[in-house]
Amino acid sequence: MGARGETWLWLLQRATAVVLAFAVLVHLATLIYAVRHGLSAAAILARTEGNVAWLGFYLLFATAAALHAGVGLRTVLREMTPWRGAAADLLVLLLAALVAAAGWRAAFGLFA
Amino acid sequence: MTGTLRVSVWRGAAAGRLVEYEVPAQESQTVLDVVSHIQRHLDPTLSYRFACRVGMCGSCAMSVNGVPRWTCRTHVRRVARDGRLELRPLANLPVIKDLAVEMGEFFAKWTRAGGAFVPAPGLGPDFARVAPDAPARQAASAGIECIGCGVCYAACDVVRWNEEFLGPAALNRAWTLLNDVRDGAGAARLGAVAGDAGCHACHSQQSCALHCPKHLDPTAAIAGLKRATAMAALRGAL
Ligand code: SF4
Ligand code: SF4
Ligand code: FES
């Protein structure tokens with residue numbers, strides 16, 4: 001990966017951590033709110049459908065989670081296994097893409 | 001303390017075994033005294049290193065009851081458990097024989113981390129004047145007393161997991177040079193420390209700082225390198 005790549009991955013890991021710290025709090029708060037107020041699935045969908053702010057929030061959340069997990073998983077692989085080449089990086093990228101795709105699908109599911 | 005110490009000592013190279021010796025306990029006795037007693041009175045074929053015996057050279061480092069230490073500055077009564085000691089060669093380094101390890105790779109990493117001073121162009125023959133309270137001078141001073149003993153390196157989990165990791169001592173050295181205003185190789189050094197197994201691989205859990213007999217803080221130095229490389233990357237200068 002080289003010096004520039006490693007440094008950018010490190011920055012990405014820090015930046016996504018900041019996003020996640022904030023996003024997880026919002027997510028937990030909405031969970032607690034929904035449970036406390038006994039919101040049904042339909043009631044929740046009524047609030048999120050067509051709401052660009054919630055769509056944007058969950059797209060950001062899912063993307064940050066996918067990137068953060070990807071970089072972290074790459075580090076774990078490099079420490080716990082002898083596997084460190086471009087193939088390992090590609091596998092991690094693929095997994096991150098899968099996580100992101102699943103997250104985006106869910107976000108759009110709430111939106112439309 | 002009187003009586004007898006039971007001391008298990010690693011004998012052999014990578015393949016080897018622990019051999020037990022009985023050493024007379026004394027009131028004031030360092031672990032190095034114990035090793036020397038074994039070598040002088042019980043088995044002259046025991047191999048180990050020491051030079052200064054006063055915590056200046058760093059050559060006597062070994063694993064004492066599982067913890068890397070300078071044996072010349074470690075009193076037996078502080079570390080013996082029920083009159084027992086287990087002495088092994090420093091971890092994370094190839095064993096040459098018994099308690100002596102091969103330090104070649106450890107110092108090769110200092111070189112790979114840009115550990116050599118490179119005079120800045122136009123430095124001139126006169127002494128450079130560096131204000132003692134300048135932040136860079138203070139940052140360099142905090143790490144400059146490293147004597148290359150390898151204790152931190154033996155204590156680092158990331159070195160154990162990834163043998164390529166440059167390690168705390170080499171990165172600490174790079175950080176002191178990065179803060180040396182007389183040095184001219186800063187940009188190249190940032191590239192050297194940020195590679196695949198460089199500063200970003202560090203977990204910041206401070207095992208190195210905990211065990212360094214000089215009470216240096218390589219973790220803080222590495223954090224400095226992470227910041228410096230990140231700033232350079234953001235500026236497009238890495
Ligand atoms: S703080 Fe970093 S260099 Fe120090 S022991 Fe931990 S991983 Fe190794
Ligand atoms: S930082 Fe401390 S423990 Fe590490 S080599 Fe230098 S003096 Fe030894
Ligand atoms: S013999 Fe020199 S530091 Fe221990």
Side-chain angles (χ1 to χ4, degrees), chain A residues 1-25 56-57 59-100 103, chain B residues 91-92 109 111-115 153 155-168 170-171 174-175 178 185-205 207-208 219 221-238:
Chain A
M1 179 72 63
R4 191 176 308 141
E6 293 290 338
T7 307
W8 276 110
L9 284 182
W10 183 82
L11 273 169
L12 187 67
Q13 187 74 333
R14 263 67 199 160
T16 51
V18 172
V19 173
L20 285 175
F22 158 78
V24 168
L25 280 183
F57 170 75
L59 285 180
L60 183 73
F61 190 1
T63 310
L67 292 174
H68 195 81
V71 180
L73 185 64
R74 176 175 179 270
T75 303
V76 172
L77 270 182
R78 293 162 77 82
E79 283 173 1
M80 298 298 161
T81 74
W83 203 31
R84 290 183 190 130
D89 289 351
L90 205 68
L91 173 86
V92 166
L93 191 67
L94 213 72
L95 283 174
L98 271 175
V99 174
Chain B
N92 296 340
K109 286 180 177 178
T111 311
R112 289 212 289 281
Y153 190 83
C156 176
D157 282 336
V158 176
V159 174
R160 181 152 54 89
W161 294 327
N162 182 354
E163 60 184 18
E164 295 295 312
F165 180 48
L166 291 171
L171 291 168
W175 175 242
L178 203 68
R189 192 169 293 114
L190 283 183
V193 299
D196 286 344
C199 60
H200 300 110
C202 163
H203 284 211
S204 310
Q205 280 172 333
S207 181
C208 49
T219 317
I222 295 170
L225 289 175
K226 288 174 178 171
R227 282 194 303 276
T229 50
M231 295 312 284
L234 288 170
R235 285 198 313 269
L238 193 63

B:Cys208 and B:Thr219 have their tightest heavy-atom pair at SG-OG1, 3.2 Å
If you compare all heavy atoms of A:Ala96 against all heavy atoms of A:Ala66, which two are closest, and at what distance to 0.1 Å? O-CB, 3.4 Å
Run the side chain to side chain donor-acceptor pair (under 3.5 Å) test against A:Asp89 and tell me which residues pass, sequence neighbours left out. A:Arg74
For the pair A:Phe61 and A:Val19, evaluate side chain to side chain contact (heavy atoms under 4.5 Å, CB included) and give the outcome as yes or no after the intermediate values. CA-CA 7 Å; A:Phe61 190 1; A:Val19 173; over 6 Å; no
Does anything in residues 75-83 of chain A get under 4.5 Å of chain B by heavy atoms, and if so which residues? A:Arg78, A:Glu79, A:Met80
For chain A, which residues of residues 155-165 of chain B have heavy atoms nearer than 4.5 angstrom: B:Val158, B:Trp161, B:Asn162
Would you mind reporting whether B:Cys202 and B:Leu171 have side-chain heavy atoms less than 4.5 Å apart? no
Looking only at heavy atoms, which of residues 3-16 of chain A get nearer than 4.5 Å to chain B? A:Ala3, A:Arg4, A:Glu6, A:Thr7, A:Trp8, A:Trp10, A:Leu11
How far apart are the closest heavy atoms of B:His203 and B:Ala201, and which atoms are they? CD2-O, 3.3 Å
Comparing B:Leu238, B:Thr229, B:Asp196, B:Leu234 against chain A, the one with the most heavy-atom pairs below 4.5 Å turns out to be B:Asp196
Can you see which heavy atom on B:Ala228 is nearest to which on B:Leu178, and at what distance? CB-CD2, 3.9 Å
Minimum heavy-atom separation for B:Ala113 and B:Leu166, please, with both atom names. CB-CD1, 4.0 Å
Quick check for you: to the nearest 0.5 Å, what is the distance between B:Arg227 atom CZ and B:Trp175 atom CH2? 5.5 Å
